[in-house]
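Report on the following structure.
Heads up: numbering here begins at 1 and tracks the sequence. Counting convention: from 1, in listed order, for ligands and their atoms alike.
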Amino acid sequence: MPVTREQMAAVLEEIALLLEIQGENPFKVRAYRQGAEVVESYDGDIVALAVENKLDGIKGLGEALRDKLHELASTGELGFHKKLRESYPDSFFTLFQLDGLGPKKIAALHKTLGVDSIPSLKAACEAGSVAGLSGFGAKTQTKILEAIGRIEQAATAFRLDVATLAAEEILEELRKHPDVLRVSSAGSLRRSKEVVGDLDFIVATNDPAALTKFFGALPQAKEIIVQGDTKCSIRLEDGLQCDLRAVTNAQFPFALQYFTGSKEHNVAIRSRALKHGWSLNEYGFTGNDLPTVNEEGDIYKALGLDFIPPALRENRGEIEAADEGKLPRLVEWENLRGTFHCHTTDSDGKNTLNAMAEAAQELGLQYLGISDHSKSSPQANGLNEVRLAKQIDAVAAWNKEFGSAQFRLFAGSEVDILKDGSLDFSDEMLSSLDWAVASVHNATSLDEDEMTKRIIRAMENPYVTMLGHMTGRLLLRRDAYRVNHEKLIDAAAETRTVIELNCNPKRFDMDWRWWHRARDKGVLCSINPDAHSTGQLQYIRFGADVARKGWLRREDVLNTKPLAEMAEWLKLPKAKR
Ligand code: DGT
Ligand code: CA
Ligand code: CA
Ligand code: ZN
């Protein structure tokens with residue numbers, strides 16, 4: 001079995017972790033961790049080099065690591081790693097998913113209480129034995145229980161990126177089946193919800209039983225939950241449930257509409273149908289003088305409505321708007337001309353400035369706004385003034401050598417908003433940038449009032465182009481900071497500060513539920529990937545989906561501006577924007 005680059009890096013990561021648990025020399029631990037990073041970001045076929053034992057001269061890989069990578073790549077296994085792992089059950093490694101629990105604490109729990117899995121840790125916390133350990137205390141015990149609660153919840157909720165990937169694979173399989181006439185995903189995924197409970201698929205076929213059988217036998221199906229002649233539910237390896245409905249071609253539009261939801265939207269649509277004298281369910285209309293329905297859109301048309309894009313189907317005003325012909329023309333990912341907020345190897349990004357610029361061009365973008373962390377985020381290797389000045393020079397040099405009317409970089413910073421709302425850099429420093437995104441990364445437990453004031457103060461700064469990840473939430477992992485959305489939106493409108501839609505699928509922050517309001521106040525949105533690697537620039541596709549969910553149009557999104565216009569816009573004082 002050939003190993004992949006990701007697997008090689010993961011093995012080194014895990015070795016670092018296990019060595020750390022065993023109290024090994026920190027330099028040795030760091031060597032493995034650094035090795036993992038080198039493997040991940042090496043610009044070339046590192047797997048092939050490892051197989052051929054040609055890793056000499058790669059910075060960050062010492063002799064011991066080179067030998068191990070060769071063994072791993074050429075045999076598919078690493079004896080050293082296997083031996084280290086043998087002392088722990090597989091369940092032990094799930095403990096590392098818990099937020100706020102590092103290797104040292106896990107080692108202590110393992111040694112003193114024999115904790116070797118999430119359930120055993122939960123039991124120890126509930127018995128109160130964790131609070132008594134030195135270095136823990138009652139507060140930590142509560143925090144651990146909260147983190148366990150989030151993991152348990154996460155088993156029935158999946159991030160949009162994870163769900164999308166799984167759905168695309170399954171759709172591809174279904175499309176290949178000769179008895180499939182039409183196929184679509186439905187449910188919360190089709191509505192672009194930030195997290196989904198399960199996946200829903202609808203197929204039109206003349207042989208539904210063949211399809212439910214095929215679905216149950218998919219290579220992705222780890223378990224069959226239910227299987228009948230028209231429906232089948234399976235569970236994937238990672239726990240994600242997938243529901244299939246097999247219907248006739250005539251039923252397909254109705255099933256698709258019904259299972260796309262949301263439930264609240266369906267209830268409102270059904271009562272509208274009743275006013276026309278029809279009852280509506282997942283199989284069709286019943287009643288007199290029935291309309292012809294071939295496509296999902298025909299259902300809306302029959303009810304006197306414009307087609308409602310799935311993203312809007314939450315019963316939050318879309319039916320009234322469709323009735324009045326006032327649905328917005330939603331932004332599309334193809335409208336995006338550039339993007340902001342990405343990291344490079346100068347702070348905690350995995351790829352260099354050059355590589356990020358190339359990847360942005362490959363995506364068809366015309367500009368990329370660089371924003372490494374600032375010095376108050378040492379955990380992210382934040383830049384101080386000297387390093388930032390150097391980066392500004394590097395961006396200028398890049399633009400001079402490679403920039404054109406088709407593509408350029410904008411020098412920026414993800415500048416920390418300090419506890420009192422002041423910024424990590426002076427106005428003078430900030431004024432030498434093309435743009436800046438200001439974000440909160442520490443002192444996150446302030447109360448709502450203090451946090452809101454703090455962020456407003458940052459937005460008042462003339463050099464803060466945009467506000468980054470407004471609430472700091474990490475979906476399924478960490479709650480939002482306490483902020484007053486209304487006040488922040490008002491302040492953004494007043495100070496002409498753009499609000500970022502951070503479309504890293506861990507975040508989707510600001511939340512889609514607030515964008516309609518922001519838009520109506522004249523606040524601009526920037527769809528930003530917060531990319532820490534070249535691949536993550538592609539998150540802007542999800543960003544466009546979520547922006548649509550927030551009712552945003554092309555004109556509401558800053559980074560739909562073409563390059564020349566964008567460059568001019570950035571030069572304007574905030575008040576003129
Ligand atoms: P999820 O899976 O929790 O992220 O959210 P959904 O919306 O995908 O929900 P799911 O998978 O339970 O059902 C798919 C759709 O089927 C749902 O959005 C609306 C429709 N549906 C399910 N149950 C009901 C119901 O009791 N009444 C109505 N009107 N629609 C329903
Ligand atoms: Ca669903
Ligand atoms: Ca479902
Ligand atoms: Zn950030």
Side-chain angles (χ1 to χ4, degrees), residues 156-160 162-164 166-167 170-171 184-202 215 225-226 230-236 239-246 255-266 282 310 313-314 340-344 347-349 369-383 412-418 423-424 436-444 455 458 464 466-474 478 480-481 499-504 506-510 526 528-532 536 539:
T156 54
F158 292 79
R159 283 183 357 209
L160 185 59
V162 176
T164 301
I170 290 175
L171 282 170
S184 175
S185 69
S188 49
L189 178 73
R190 186 164 179 242
R191 301 198 315 278
S192 304
K193 277 286 292 286
E194 70 280 23
V195 291
V196 308
D198 66 18
L199 298 184
D200 304 278
F201 300 94
I202 316 292
F215 195 68
I225 302 165
V226 283
T230 58
K231 57 181 172 186
C232 179
S233 294
I234 57 174
R235 196 177 300 288
L236 310 183
L240 180 55
Q241 179 177 328
C242 302
D243 298 340
L244 175 80
R245 299 277 170 159
L256 180 60
Q257 194 283 326
Y258 180 88
F259 289 108
T260 294
S262 65
K263 203 167 154 182
E264 293 74 16
H265 175 86
N266 286 354
E282 62 265 50
R313 299 184 195 169
E314 300 290 346
F340 293 91
H341 197 163
C342 74
H343 299 269
T344 75
S347 69
D348 62 348
I370 305 291
S371 54
D372 273 308
H373 285 284
S374 65
K375 60 185 192 287
S376 288
S377 284
Q379 76 289 350
N381 189 23
L383 276 57
S413 169
E414 180 175 11
V415 60
D416 263 306
I417 302 176
L418 306 181
L423 297 167
D424 212 4
V437 55
S439 313
V440 168
H441 293 114
N442 48 43
T444 56
I455 296 174
V464 168
M466 46 186 104
L467 172 64
H469 47 70
M470 182 190 277
T471 75
R473 74 174 179 188
L474 292 179
R478 186 173 79 196
Y481 322 140
I499 297 178
E500 147 181 294
L501 194 178
N502 186 307
C503 59
N504 190 310
K506 286 184 203 151
R507 298 183 182 270
F508 292 126
D509 189 7
M510 179 168 84
S526 186
N528 295 350
D530 195 353
H532 285 73
Q536 292 184 357
Y539 289 157

Task: Atom pair CZ/CG of Phe259 and Leu244 - distance to nearest 0.5 Å - done: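 Reported value, rounded in 0.5 Å steps: 10.5 Å.
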Open item on the list: Can you tell me how far apart SG (Cys242) and CG (Leu236) are? Round to the nearest 0.5 Å.
Closed with: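 These two atoms lie 4.0 Å from each other.
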[X] side chain to [Y] backbone, donor-acceptor under 3.5 Å:
| X | Y | value |
| --- | --- | --- |
| Asp509 | Gly472 | yes |
| Lys231 | Asp243 | no |
| Arg191 | Thr260 | yes |
| Glu414 | Val437 | no |

Open item on the list: I want to verify a count. Protein N, O or S atoms less than 2.8 Å away from the Zn ion (ligand 4), how many are there?
Closed with: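 With waters ignored, the protein N/O/S count below 2.8 Å is 3.
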Open item on the list: Assess the residue pair His265 and Gln257 against the criterion (side chain to side chain contact (heavy atoms under 4.5 Å, CB included)); give the C-alpha distance rounded to whole Å, side-chain angles, the decisive distance to 0.1 Å, and a yes or no.
Closed with: CA-CA 10 Å; His265 175 86; Gln257 194 283 326; 3.8 Å; yes
TODO: Give me the ring orientation class for His441 and His373: parallel if the planes are under 30° apart, tilted from 30 to 60°, perpendicular past 60°.
DONE: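 Taking His373 first and then His441, their aromatic rings stand perpendicular (interplane angle over 60°).
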TODO: Answer whether the closest heavy-atom distance between the side chains of Cys232 and Val226 falls below 4.5 Å.
DONE: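 Contact flag for Cys232/Val226 side chains = no.
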Task: Metal site the Ca ion (ligand 3), protein N/O/S atoms found under 3.0 Å - done: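 Protein heteroatoms (N, O, S) closer than 3.0 Å to the Ca ion (ligand 3) number 4.
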